[in-house]
Structures are given as C-alpha cells and as structure tokens.
Amino acid sequence: MSRYDATSVEKKWQDAWETAGTFAAKRDVSKPKYYVLEMFPYPSGRIHMGHVRNYTMGDVIARYKLATGHNVLHPMGWDAFGMPAENAAMASGGHPKDWTYQNIADMKAQMKPMGWSLDWTREFATCDPEYYGQQQSMFIDFLEKGLVYRKNAVVNWDPVDMTVLANEQVIDGKGWRSGAPVERRELTQWFFKISDYSEELLEAIDSLDNWPARVKLMQSNWIGKSRGLQFAFSLIDGPDGQDRIEVYTTRPDTLLGASFIGISPDHPLARRLEIENPDVAAFNDECRRMGTSEEDLEKAEKRGLDTGLRVRHPFDTAWELPVYIANFILMDYGTGAIFGCPAHDQRDLDFARKYGLPVIDTFVAAENGAPVETEAFVPPKTDVVKWVRGFAWDENATGEQAIDAAIAFCESKGVGFGVTKYRLRDWGLSRQRYWGCPIPVVHCEACGVVPVKKESLPIRLPDDVTFDKPGNPLDRHPTWRNCTCPVCGNPALRETDTMDTFVDSSWYYARFTAPDAETPTSLPDADYWMNVDQYIGGIEHAILHLLYSRFFARAMHICGHLPEKAIEPFDALFTQGMVTHEIYVTRDENDRPVYHLPEHVEWTESGARLGATGQPVEVIPSAKMSKSKKNVVDPVNIIRDYGADTARWFVLSDSPPERDVEWTASGAEAAFKHLSRIWRLATDIAAADGSGQGDADLLRAMHKTIHDVTLGVESFGFNAAIAKLYAFTNTLAKSTAGAAAKRQAMVTLAQLMAPMTPHLSEEIWALLGQKGLIAEASWPAADPAQLVEDSVTLPIQVNGKRRSEITVAKDMPKEEVEKLVLEDDAVKRALEQGALKKLIVVPGRIVNVVI
RNA sequence: GCCCGAGUGGCGGAAUGGUAGACGCAGGGGAUUCAAAAUCCCCCGCCUUCACGGGUGUGAGAGUUCGAAUCUCUCCUCGGGCACCA
C-alpha cells in the first residue's frame with residue numbers, strides 16, 4: 001500500500017493545472033460565464049486562517065461551477081495601500097513600497113500551495129501605478145460630473161506628533177505613540193457626494209435578492225431615512241442680530257413637551273459665542289478633545305452648558321426655552337441643533353435631570369398611563385397612546401398618526417415644513433498620508449483647485465521619502481509638491497492628500513475584467529464578465545465597503561466605465577463568519593496593552609505564560625483575528641505538516657460557513673486522518689476485482705450522496721456536505737459490493753470531494769484510470785429514480801412525545817396509516833389513560849395522537 | 001450608547017414547525033500486536049433503572065401550536081459595525 005505524500009502530490013497537480021491553463025479565464029460566449037470573487041487581501045505578509053477559509057469557500061464554488069459547464073472568472077489581487085506599510089517604515093526604516101511588494105511576494109508564495117483555482121494572470125495590486133493611475137483618471141471624471149467636492153471636516157489631531165490620527169490610533173482620547181490628548185481639528189477635505197444617492201441606494205436594496213437579509217437591514221439602517229419636521233425657534237437677543245435656530249426633529253408630535261434647545265459645539269452659534277464668552281470657549285474646547293467617532297460621542301457622559309440665551313416656543317411666544325451647547329449633538333446630522341423632550345427620550349431625560357430642566361409628558365400609556373419619573377416613555381411609534389399635550393389629532397392615536405398630523409398642522413400654521421432626511425453622510429476620502437493614491441489636482445493661486453491633465457497620469461508617488469518625522473512626507477517633499485498649473489502654467493502646489501483605501505477597493509472587481517486596459521475598464525470585457533455572480537467576504541464589510549462599492553459602480557456607470565446592468569455589482573453575496581482566536585496581552589510600564597502571538601504563549605499549570613520570559617499573560621476571550629491584536633495563526637504550518645487538502649477540508653468541515661469559527665489545532669489531525677483513510681480505501685478498491693453483494697444499495701447511497709452534496713455546495717452548506725461525504729465514506733468502506741460498483745462509487749466520491757480536496761481527488765482519479773483532469777471533468781448527476789424510497793418510518797407521538805414508530809409504504813393512504821397507528825401497542829396503552837381527542841397524520845413525516 | 005447577529009452534550013456542530021444531538025473531535029471498552037504506533041469494531045446528553053423503560057433537556061422566563069432548537073415578546077451573555085483598521 002502506497003503512502004499518500006501530500007507535498008509532492010499537491011505540487012504535481014498544481015503544475016498540471018498550470019500547464020493545462022485550467023483556470024485562466026477567457027471570454028467565450030458559447031458558455032455561461034460565472035464570476036466568483038472573494039474580497040482581496042491586505043498584503044500583511046502572512047496568510048492566516050481567515051484567508052484560508054475565505055478563499056477555500058470561493059474555490060469550492062469556482063471549481064463546482066467549472067464542473068457544471070461554466071466559463072469561470074476567479075481572480076486575485078492585493079488591497080495594497082494603507083497605514084500598516086507606513087507604520088512599518090516608521091518602526092524599522094525601509095520604504096512602504098518595498099515592504100508592500102515584499103509582503104505580496106511572500107504571501108503569494110504562501111497562497112500558491114493552497115491549490116486555489118485562481119487566475120493569477122489577472123493579478124494586480126492597488127499600489128501599482130497602472131491601477132491607481134486609472135483611479136486618478138476616474139477621480140477627474142467624477143470631478144467633472146460633480147460627484148466630488150471639498151468642504152471642512154474634523155480630524156483627530158495629535159498636537160505632539162503634529163499629525164492626523166486614525167480612529168484606531170486614538171486610545172482613550174490619547175495619541176497611540178505620543179500619549180498626548182487628541183484634539184479635533186478642522187481641515188478642508190475631499191468628499192464623494194454619496195448622499196445624493198441615499199434614496200437610490202436605499203431603494204435598490206430591495207433588488208438584492210441574493211444578499212443576506214441582515215446585511216441589507218444594516219445598510220438600510222445606515223442610510224437611515226427619516227421623515228421629520230424642520231422649523232426654527234426664534235432666538236431672543238442673539239449675537240450679531242442672529243434671530244433663529246433651525247431644528248430638525250423626527251418627533252414633532254412631542255413639540256409641546258420641549259424643555260430645552262441643544263446645539264452642537266461646532267454649531268455656528270456656539271462658535272460665535274466662544275469668541276467673547278470664556279466659559280463657552282472652555283466648554284467647546286473640552287468637547288473638541290473628544291474623539292471624532294460616533295461611538296465616542298455616544299458613550300461619553302452627556303454634558304451641556306447653558307449659553308444664557310433663550311428661544312421662544314413657536315406655539316406659545318410667552319414660553320421661553322434655554323439654549324444649551326451639548327456634547328452629544330452631531331453637526332453632521334440634521335441642522336446640528338435639536339429640541340429636547342425629556343419625557344420621551346432617555347438621553348434628554350438624563351440631561352434634564354442633570355441640569356434641573358422640566359419634564360413635560362405629551363402622552364402616556366393608553367391604559368394606566370403614569371407620568372414619567374426616572375425612565376423616559378418611548379413606546380413603538382405604532383402603539384396607540386393617550387395624548388395629554390397633543391395638538392391637531394385625537395386623544396388616542398399612534399405616534400405615527402401624531403407625527404403626520406403634527407407636520408401637516410405645523411405646515412398649515414407656517415411653522416416649518418416636513419422634510420425627509422438621511423443619516424448617510426458624504427464620503428470623506430482625503431487622507432493626510434503618503435501610502436495611498438495621490439489625489440490628482442493642483443492648487444494654483446490664480447486658477448484655484450484644478451485637476452491635472454489626464455495625459456500626465458499617473459501622478460506617481462515619489463520614492464525618495466523618509467519616515468523619520470511624523471506627518472505626511474508629501475507635504476515636505478521639495479520637488480514633488482512644487483509643480484506648474486495645468487491651466488495657466490504658473491507655479492502651483494500639488495495636492496498632498498491621498499485617497500482613502502476604500503476607494504481602491506470600490507472598483508477592483510471591475511478592473512479584474514480587464515486588468516491591462518488603458519482605460520479604467522474595457523466595456524466589452526466589463527459587459528461580458530460583470531456582474532460578480534458570487535461575492536464572498538467577511539461580515540465586517542457589511543456596511544462601508546459594500547455601500548461604497550455600490551455607489552462607485554453607479555458613479556462609474558455615469559462616467560461610462562461600466563454598463564448600466566453593473567450598478568449593483570454583486571449579484572449574490574455571502575458573508576462568511578470570522579476566524580477567531582483568544583488574545584494574549586501583557587502591559588507595558590505605562591499600563592498600555594502589549595499583544596503576543598499564540599505561538600509565543602505556553603500553557604502551564606498556573607496558566608498562560610510567555611514562552612521566552614515566563615511572564616504571565618492575560619487571556620482575553622476569542623475575537624476576530626487581527627494583526628493589531630496578534631491573535632493570528634499561521635496556516636503555513638498546517639500545509640507543511642499535512643498538506644493543503646487537509647487545511648482546506650478542515651476549514652470547511654468544522655463550522656457552518658456564515659458563523660464564526662474558533663481556530664483549534666485538534667481538527668487538523670482529524671482531517672488528515674480522514675483523507676489518509678480515503679486514499680487507503682482508493683488504493684484497496686483500485687487493486688480489487690470480482691463481484692460481491694449489495695451493488696444496488698451502494699449505488700443508491702451514491703446517488704443520494706451526489707444529491708445531498710450538490711445541494712450542500714450550492715447553498716453554502718459546506719460543513720453539511722462534508723458530513724454527507726463522511727457518511728458515504730463509511731458506507732463505501734463497509735460495503736460488500738463488487739469491484740465495479742466500488743470503483744464507480746470511489747470515482748464519484750473523488751469527484752464530489754474535488755472542489756474541496758482537489759489534489760487528492762486528482763490522484764484518485766488517475767489511480768482509478770480516469771482520463772484527463774478531474775478539475776475539467778463534468779459534475780456527476782444524481783439519478784432521480786435512485787432517490788425515491790419505497791417505505792418510510794413514521795414516528796408516533798402521544799401528546800407531542802415520541803412513543804413508538806411504524807414503517808409503512810411511502811404512499812400509504814392516511815386512513816390506513818391511522819388504522820395501523822391505533823393498533824400500535826404504545827398507542828393502545830396510552831388510550832387506556834384517556835379518550836382520543838385528535839389524530840394527526842402528516843404523510844411521510846409524523847403521527848401525533850392527542851389524548 | 002445606537003444598529004446587526006449568535007447562544008444546542010466535555011468540544012465543533014446537525015436538524016428552519018414534525019423522532020433533538022447527524023457527522024466529526026475528545027473520552028471509555030474491545031480486536032490486532034511480543035509491545036507500541038497505525039488501523040478496525042462497539043459504547044457515549046443528563047438523572048433514574050439489573051434490564052425493558054421512565055423523567056428531563058437546545059442561554060433564562062413567558063406565549064402561540066396537536067407539536068417549538070426553529071415562530072412571538074421580555075431579559076442575560078458573547079461577537080460584528082459605528083463613517084481615518086482593512
């Protein structure tokens with residue numbers, strides 16, 4: 001018996017596929033096309049189990065589609081711009097470009113042995129000038145179409161390092177390197193007008209039939225359409241004659257429960273007041289020291305400052321309300337000002353209690369309604385409530401009815417107007433960093449902000465930069481920054497902001513259809529290959545990446561780079577669960593966390609310790625594997641010890657694909673043993689001859705397995721499909737059938753396993769004398785006649801509890817089943833305890849005797 | 001804080017209104033072996049029973065149903081996202 005040597009076998013078949021060009025995609029209108037895409041990786045330098053899981057799932061689909069007669073496109077590339085490359089350059093010298101391309105080479109070398117059916121001829125990295133030059137070209141197109149503009153926006157500013165920080169780099173309000181308290185600073189930045197498409201992006205969600213419902217729900221909520229009332233409070237004695245504060249509210253029905261006005265610290269009025277009021281200036285300063293993320297604002301203690309200003313209530317001009325500056329109000333949403341109704345909003349209630357403001361009920365529960373004390377009364381808008389301070393509707397009405405009536409009433413009185421607003425904000429794409437796609441504009445004193453000419457693209461990143469000083473090296477680059485104006489030819493300054501890396505990943509799927517085109521896309525290729533038939537990636541991209549891609553595809557269509565059918569670029573989406581792992585952490589002298597790789601941690605009787613120093617390690621429960629937390633596991637070791645097929649089989653078998661999987665070492669050994677067993681079984685069968693008993697049973701089981709596995713693969717039930725393959729392997733191993741039947745069963749088993757364990761399957765295919773490559777063979781078909789069972793076992797329940805069972809012909813009429821059931825001993829015994837109330841027979845399923 | 005998910009034996013999980021625990025891991029027993037490894041066979045939720053069987057059981061609590069892991073509501077725990085991590 002020959003031993004299965006994964007390393008040499010796998011290399012052999014990978015070479016065979018490459019020689020045959022099995023996975024190089026070419027346009028071919030004679031076959032249905034199938035574009036399968038997994039989210040491309042960031043080139044960290046090492047592949048991890050998350051990649052293995054993601055790309056193996058896509059590979060199963062790609063190989064299955066190839067076997068079912070499709071022309072498959074299955075490309076791979078690199079999401080190669082981003083902060084880690086600059087961080088590496090700062091930490092250890094070197095250049096982001098060298099670091100990135102070296103990582104790509106390293107990672108590709110780790111990916112190749114996995115045997116994924118990728119078309120490497122289409123590979124590109126987003127940091128290739130050929131790619132980002134086309135992106136710059138599209139930026140100029142977008143500019144012409146009015147899809148890009150500039151406005152002020154706040155960033156996290158590290159006053160010691162004099163640099164802009166990402167949210168991730170702000171830890172407890174302090175810069176991650178300097179430890180200095182972070183400030184909010186306003187900069188002029190570039191934005192995509194995604195908000196113009198709020199309604200369209202929202203409506204089109206309905207057409208995404210093959211997207212997970214939860215992703216669609218998350219996107220809907222993110223876009224956040226709301227109907228409300230916009231109106232103004234008149235301001236008493238405002239500065240510079242300012243006489244009104246514009247407010248947007250989704251609950252105009254609670255207008256008579258207002259007790260204060262809140263404005264954002266960034267509101268123009270707040271900014272005006274801080275000029276001469278030191279208290280306001282101090283308070284605003286403090287607010288500006290908070291992080292810029294919504295999470296930071298929402299989690300922070302709700303605080304406010306009474307400006308001393310008062311406004312009049314629109315329905316009662318004698319009623320004056322105080323104006324507070326409040327730290328939880330976003331300038332970016334609505335008008336940057338709200339009215340607070342403490343009785344019906346918990347945040348407003350907390351605020352009112354803290355500052356001694358009145359709590360005015362506008363409605364109470366329809367039955368036993370009591371005034372609000374410590375908890376705001378916030379029933380669903382569809383509940384009928386009893387109105388105690390309503391206007392323009394009945395005493396008993398739902399929130400929805402009251403809101404509609406309030407808007408109509410206010411409009412009729414000339415107090416504001418109904419408006420629809422969206423939570424979705426424009427996409428800020430400016431980054432004050434080097435390692436990104438340069439924004440192709442120049443700043444000219446005479447001509448203003450002007451795009452560069454397309455013939456001078458790509459605007460390449462200069463190579464001669466250093467990272468010994470914080471901040472953006474482009475800002476201080478002597479020759480790169482200075483240029484001439486493309487309009488007037490006078491000296492001008494290049495834009496030094498680069499693009500958000502989400503821009504890079506918002507159109508790579510389109511570029512894969514023609515990676516060498518002289519324009520961003522080639523329409524005949526885009527038309528043939530688009531849309532992506534199956535997109536696969538992590539749930540963590542449910543909102544931003546996918547929403548930005550949907551917007552970008554529309555913008556590309558407007559500029560003629562994609563056909564109209566591609567404005568929703570992903571026909572089907574599958575969000576795989578993440579691979580998680582425990583996190584190991586110690587603290588440095590400043591009590592900041594220091595993370596450690598699992599391979600550096602040892603388990604002793606007294607707990608987890610660092611292998612090198614014996615220092616105790618705090619173990620944090622499993623979370624998403626991430627480079628920054630170092631809770632990553634290296635699949636290269638599994639490939640080395642067991643081979644790629646084992647790694648592939650293992651990541652597919654252990655968990656349902658949409659769910660998180662915690663990485664464990666034990667499964668790998670089991671997968672390897674099973675594949676070895678199949679190889680032994682195949683060699684035994686190859687050597688056997690003669691006839692036996694039970695051929696029909698074996699073939700029946702085989703057809704059932706074809707059916708189940710096909711269904712499993714098509715519905716992303718990979719773990720369930722693998723369980724069926726285990727079961728069929730057991731059946732085959734125990735079968736006493738003749739050699740011919742066993743060979744047929746073994747060949748079929750190899751084919752059904754081929755999308756998952758392609759190398760082993762090729763080896764078995766060849767061993768059993770099949771012609772050509774299994775990768776190019778047609779998927780086996782289940783014979784429907786073999787799937788029909790002639791008899792069925794029905795469980796018999798008594799009052800919902802299983803008590804017995806009967807085996808009957810599949811098509812036995814209900815009446816006969818009932819007769820048999822009543823003769824059953826367990827049923828007879830039960831009937832002695834009480835009279836028969838009901839007899840439920842679900843044909844082919846179950847019988848329930850109700851007593 | 002807000003939005004979205006998930007929770008089933010010792011462990012990963014199966015079952016999407018119809019026999020809860022398929023399949024795998026770990027564990028126990030046996031065969032083979034001088035012995036071991038490897039391999040093969042059997043057992044395996046918990047309580048109770050010599051056994052047959054009975055009771056109980058899908059994070060907690062309620063509800064709908066002849067029947068609920070599955071549907072509804074409330075709560076708890078864990079995870080993802082929150083616009084400059086990718």
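The chains referred to below are lettered A, B, ... by the order of the sequence lines, with proteins before strands, and numbering in each begins at 1. Remember, predicted model here, so these are calculated numbers, not experimental data.
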Using the [atom1] atom on both, measure [N] against [M] and round to a whole Å.
N	M	atom1	answer
rC25(B)	rC43(B)	C1'	16 Å
rA6(B)	rG10(B)	P	23 Å
rA22(B)	rG80(B)	P	31 Å

- Query: Any idea how Trp99(A) and Tyr42(A) line up, ring-wise: parallel (<30°), tilted (30 to 60°), or perpendicular (>60°)?
  - Reply: tilted
Exercise. Using the six-membered ring wherever Trp is involved, compare the ring planes of His674(A) and Trp649(A) and label them parallel, tilted or perpendicular (cut-offs 30° and 60°).
Key: parallel
Under-4.0 Å side-chain N/O to phosphate OP1/OP2 contact, [X] with [N]:
X	N	result
Asn167(A)	rA83(B)	yes
Asn730(A)	rG24(B)	yes
Ser653(A)	rG24(B)	no
Asn221(A)	rC4(B)	yes
Thr501(A)	rA86(B)	yes

Hits for side-chain hydrogen bond (donor to acceptor under 3.5 Å, both in side chains) against His344(A), two or more places apart or cross-chain, chain-then-number order -> Thr362(A)
Of the candidates rG67(B), rC4(B), rC84(B), the side chain of Met218(A) sits closest to rC4(B)
note: Lys734(A), atom NZ; rC42(B), atom C1'; distance rounded to Å ~ 10 Å
Pairing string of RNA chain B (Watson-Crick or G-U wobble, both atom distances under 3.5 Å; | = paired to other strand) is (((((((..(((.....[....))).(((((.......))))).((((....))))..(((((..]....))))))))))))....
